[in-house]
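Scroll down for the structure; my scribbles are underneath it.
Within every chain, numbering begins at 1; the chains are lettered A, B, ... in the order of the sequence lines, protein sequences first and strands thereafter. The figures here come from the full heavy-atom set of this structure, side chains too, leaving out hydrogens, waters and symmetry mates.
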Protein chains: 2
Amino acid sequence: MSTVFKALADPTRRKVLELLREKPMTAGELAEHVVITKATLSSHFAVLKAASLVSTVKEGTTITYHLRLSVLEEAMLDFTRLFGWTLSSSETSEVTE
Amino acid sequence: MSTVFKALADPTRRKVLELLREKPMTAGELAEHVVITKATLSSHFAVLKAASLVSTVKEGTTITYHLRLSVLEEAMLDFTRLFGWTLSSSETSEVTE
DNA sequence: CTCCTATTTCGATGTTTTTCTAAATATCAA
DNA sequence: TTGATATTTAGAAAAACATCGAAATAGGAG
């Protein structure tokens with residue numbers, strides 16, 4: 001849980017997660033949306049990966065990042081429960097993966 | 001939002017918030033529940049205060065910490081909304097403050 | 001094989017965080 | 001005022017983080 005919150009503590013990383021919410025994207029595509037070097041972004045990816053918030057798929061020369069929505073949701077669920085809150089997904093339909 | 005998540009990234013700080021959820025407590029009382037020095041705990045308080053997650057009330061020689069539930073809830077609300085989730089409070093009754 | 005593109009790793013540097021002990025501050029009681 | 005208690009601040013050292021430019025790795029094209 002600490003690793004998830006630590007990952008969420010950085011604006012760039014939150015932005016990456018938001019972008020990935022729309023669709024999986026390559027490191028290069030993601031880089032076009034932020035104002036830091038690719039090297040720096042790459043280390044942010046490592047933090048997100050350490051928190052299991054994203055997964056990667058290598059396709060030839062590119063690496064595509066996928067959001068692990070369930071991991072994020074689980075962490076939020078666990079935490080919000082501690083405070084007597086209820087978290088519900090509006091769009092629960094893709095169990096296809 | 002970053003300050004809130006940063007505050008939540010530490011287990012000791014999350015524990016403090018959970019304890020305060022039950023009732024306001026003094027620094028000394030909180031210290032009885034964790035295994036670090038009071039000085040260290042005090043700096044954790046500073047982080048929580050910087051995130052506006054707690055407020056303090058001085059009563060003579062003691063300082064009582066109060067959870068600012070609304071601030072925490074607001075941050076969670078803002079964040080979870082980004083992912084299409086809905087957060088609802090089961091116990092919403094204290095608007096007294 | 002050589003070159004180009006995509007991405008990560010390396011090495012350096014500066015900042016922030018965590019934690020401790022010791023000292024300072026403030027309040028209350030005698 | 002002196003002493004005891006509650007809490008924070010100061011100062012220091014170690015670890016973690018953020019960031020960059022440059023170099024390394026790996027695939028595909030020619």
Self-check item: Whole-Å distance separating the CZ atom of B:Phe5 from the C1' atom of D:dC17
Solution: 19 Å
Quiz item: Is there side-chain contact between B:His66 and B:Arg68, with at least one heavy-atom pair below 4.5 Å?
Solution: no
Practice problem: Can you tell me the distance, in whole Å, between the CE atom of A:Met25 and the P atom of C:dT7? | Solution: 11 Å
Quiz item: From A:Thr3 OG1 over to A:Leu53 CG, what is the distance, rounded to the nearest 0.5 angstrom?
Solution: 7.5 Å
Self-check item: Per A:Thr37 side chain, nearest of listed nucleotides C:dA26, D:dG21, D:dA26
Solution: D:dG21
Exercise. Please determine, for the side chain of B:His44, which listed nucleotide (C:dA26, C:dC20, C:dT19) has the closest atom?
Key: C:dT19
Exercise. Using the side chain to side chain donor-acceptor pair (under 3.5 Å) rule, collect all pairs that involve residues 43-52 of chain B, keeping only residues at least two apart or in two chains.
Key: B:Arg13-B:His44
Self-check item: Shortest non-hydrogen contact from B:Phe45 toward B:Val54
Solution: O-CG2, 4.4 Å
Self-check item: Rounded distance in Å - CD1 (B:Ile36) to P (D:dT8)
Solution: 12 Å
Practice problem: Answer with base, sugar-phosphate or nothing: what part of the nucleic acid does B:Lys6 contact at a heavy-atom distance below 4.0 Å? | Solution: sugar-phosphate
Quiz prompt | Side chain of B:Tyr65 - closest among D:dA18, C:dA6, D:dT8 | solution = D:dT8
Practice problem: Remember a base hit wins even if backbone is also touched, and classify B:Ala39 as base, sugar-phosphate or nothing at under 4.0 Å, heavy atoms. | Solution: base
Exercise. Would you mind reading off the distance between B:Leu48 atom CG and C:dT18 atom P, rounded to a whole angstrom?
Key: 11 Å
Exercise. Look at the side chain of A:Ser43 and decide which nucleotide, out of D:dT7, D:dT19, C:dT21, has an atom nearest to it.
Key: D:dT19
Practice problem: Starting from C1' on D:dA24, measure out to NZ on A:Lys38 and report it in whole angstrom. | Solution: 16 Å
Exercise. Could you state the atom-to-atom distance from CD of A:Glu59 to C1' of D:dG28 in whole Å?
Key: 14 Å
Exercise. Identify which nucleotide among C:dT5, C:dA22, D:dA6 has an atom closest to any side-chain atom of A:Thr61, counting heavy atoms from C-beta outward.
Key: C:dT5
Quiz item: Can you check the A:Phe45 CZ to C:dA6 P distance for me, whole Å?
Solution: 14 Å
Quiz item: When the nearest nucleotide of DNA chain D is assigned to B:Ser42 and to A:Arg13 on a heavy-atom basis, which residue is associated with the more 5' position?
Solution: B:Ser42
Self-check item: Between C1' of C:dT16 and CG of B:Asp10, the distance in whole Å
Solution: 14 Å
Quiz item: Where is the tightest heavy-atom contact between B:Ser2 and A:Arg14, given as atom of each residue plus distance?
Solution: OG-NH2, 3.1 Å
Quiz item: For A:Thr40 and A:Gly60, take the nucleotide of DNA chain D holding the closest heavy atom to each; which residue's nucleotide lies nearer the 5' end?
Solution: A:Thr40
